[in-house]
2 protein chains.
Amino acid sequence: MNRPGLRERKKIETLHRLQEEALRLFDEQGYDETTIEQIAAAAGVSPSTFYRYFPVKEDVVVQDEFDPLIVNVFESQQEGTAPLEALRAVLAALFAEFTEEDIERVRRRVRMIFAVPALRARQVGQSDATERLLAEMVAERSGRSPDELEVRHFTALVVASWTVAISAWAETEGSKDDLAANLDKCLAHLEAGAPL
Amino acid sequence: MNRPGLRERKKIETLHRLQEEALRLFDEQGYDETTIEQIAAAAGVSPSTFYRYFPVKEDVVVQDEFDPLIVNVFESQQEGTAPLEALRAVLAALFAEFTEEDIERVRRRVRMIFAVPALRARQVGQSDATERLLAEMVAERSGRSPDELEVRHFTALVVASWTVAISAWAETEGSKDDLAANLDKCLAHLEAGAPL
DNA sequence: CATAATTCTGATAGCTACTGTCAAATGACA
DNA sequence: TGTCATTTGACAGTAGCTATCAGAATTATG
């Protein structure tokens, strides 16, 4: 049996404490003006420990664990669905489970990411990784190669839609449903060939 | 008459020397393994001078001056054209003027940008700026606001198409025309609603 | 329960990117 | 040639990040 254990619980606790204190300090004094020493002190650990949890400063805001979840949801879908529809459903299902509190956390983080260039820059690394992941999943299903131009292009477009939808949503006070609505609007607009 | 003058000529010269030596050193020893001191020494200037030309290390590869050119070409177009068609024409016209040598330089830079995460991250800052620029231009013409979801989404999609087209092209040994062909393929695919 | 093995933490030293300041050098111009 | 404006180099300092290592805390074992 793999019970949680004291060690693991403590780790998760420090992780969250670091993220929360960091977010608070960034809000209060700005990102660049906040040093890792301050964050570590606020969370009651040493700077060394901070770096063990987050390889770079940006990750204390940007890091998330959605990629494996996306894969799970996608794979548990029936084969027939069209790629675009499938991805829409995946994303919808993903944040359907979030509590109101989760959503507020996401909003704070997204706002900060798009407000601080360094964070946005770091986040693109994650987006690129997710994009490659989607490409592989989509390619596998449609019996194509993930390196094909059309496949890469498709996934890049979907990620772009998602990025616009969530950044526009974060600027508002909208609910979870508003985010879903934004995403639907964008994907529909994409499916229509992005007319203007 | 605004003749170049020795001072200005020297400045452009040092700028190019810094870029070239940097590119060479990055190729030879890798990006992270190359220090600014080395680049400066290779170009025969002090590290202080490097920072005067490039605020951050990444910019010695990433920095370009295409944005103002894009605006110029776009504004000198007739009003009637549809936004997507207009942007396609702008980009085509932009690199139509490049010499073979220019193109090779671009290819080297693009390859390096997509190979080194730090460079890719920095480049996104530029892309975001270009995206906002496009949004303003497109919005102005179509009498909309650049903050509208559809407008933002449209420009994000176009930038994504462009990114895929150029990164796929850079991986090959293709000519200037191949880049144009890639871009046409992507934009056509977008216009068709990104079917898979 | 005591001891051994494993994992986590904190302290230290060091490298490099980057900033700010100031005096010296260099080109522009009368 | 002499004066003014701009560019440059030297120096000092901050902060992000890496590597290393001894000691503390947790877990596994006899």
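- Checking A:Glu37 against A:Ser48, the closest nucleotide of DNA chain D that is more toward the 5' end is the one next to A:Glu37.
- In this structure, the CD atom of B:Glu58 is 16 Å from the P atom of C:dT16, given to the nearest Å.
- Within the 4.0 Å cut-off from OP1 or OP2 of D:dG9, not a single side-chain nitrogen or oxygen of B:Tyr51 is found.
- Nucleic acid contact class of B:Pro55 (heavy atoms, under 4.0 Å, all strands): sugar-phosphate only.
- A residue-by-residue look at A:Ser46 and B:Tyr31 shows that A:Ser46 has its nearest nucleotide of DNA chain C further toward the 5' end.
- Nearest heavy atom pair, residue B:Leu134 against residue B:Leu87, reads CD2-CD2, 3.8 Å.
- Counting all heavy atoms, side chain and backbone alike, A:Arg109 lies closest to A:Val61 at NE-O, 2.9 Å.
- A:Tyr53 comes within 4.0 angstrom of the backbone, heavy atoms only, and of no base.
- Spacing between atom CD of B:Gln38 and atom C1' of C:dT16 amounts to 11 Å, rounded to whole angstrom units.
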Salt bridge (charged side-chain N to carboxylate O under 4.0 Å, His left out) between B:Arg111 and B:Glu173, worked out: CA-CA 11 Å; B:Arg111 274 190 185 158; B:Glu173 298 296 325; 3.0 Å; yes
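- Rounded to an integer number of Å, the gap from A:Glu33 CD to C:dT19 P is 13 Å.
- What separates CZ of A:Phe50 from P of C:dG10 is a distance of 14 Å, to the nearest Å.
- Among the atoms of the strands shown, none is found under 4.0 Å from any heavy atom of B:Phe54.
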Give me, pair by pair, the N or O atoms of the protein and of nucleotides 23-30 of chain C that are less than 3.5 Å apart, along with how far apart they are.
unit_1 : atom_1 : unit_2  : atom_2 : d
C:dT26 : O2     : B:Arg7  : NH2    : 3.1
C:dG27 : OP1    : B:Lys10 : NZ     : 2.6
C:dG27 : O3'    : B:Arg7  : N      : 3.3
C:dA28 : OP1    : B:Leu6  : N      : 3.0
C:dA28 : OP1    : B:Arg7  : N      : 3.2

Step by step, would you call A:Arg88 with A:Asp184 a salt bridge (charged side-chain N to carboxylate O under 4.0 Å, His left out)? CA-CA 8 Å; A:Arg88 187 210 316 266; A:Asp184 281 346; 3.5 Å; yes
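- To the nearest angstrom, C1' of C:dT9 lies 17 Å from CD1 of A:Ile36.
- One interatomic measurement links the two molecules: NZ of A:Lys57 to C1' of D:dT18, which rounds to 17 Å at whole-angstrom precision.
- The CZ-C1' distance, from A:Arg9 to D:dT26, rounds to 12 Å in whole Å.
- Note that B:Lys57 lies outside the cation-pi zone of B:Phe50, set by a 6.0 Å cut-off to the ring centre and a 45° limit from the axis.
- Within 6.0 Å of CD in A:Glu33 there are more than 12 heavy atoms belonging to other residues, nucleotides or ligands.
- Judged by the 6.0 Å distance and 45° axis criteria, B:Arg108 is not positioned over the aromatic ring of B:Phe26.
- One interatomic measurement links the two molecules: CD1 of B:Ile39 to C1' of C:dA17, which rounds to 11 Å at whole-angstrom precision.
- At least one side-chain nitrogen or oxygen of A:Lys11 sits closer than 4.0 Å to the OP1 or OP2 atom of C:dC8.
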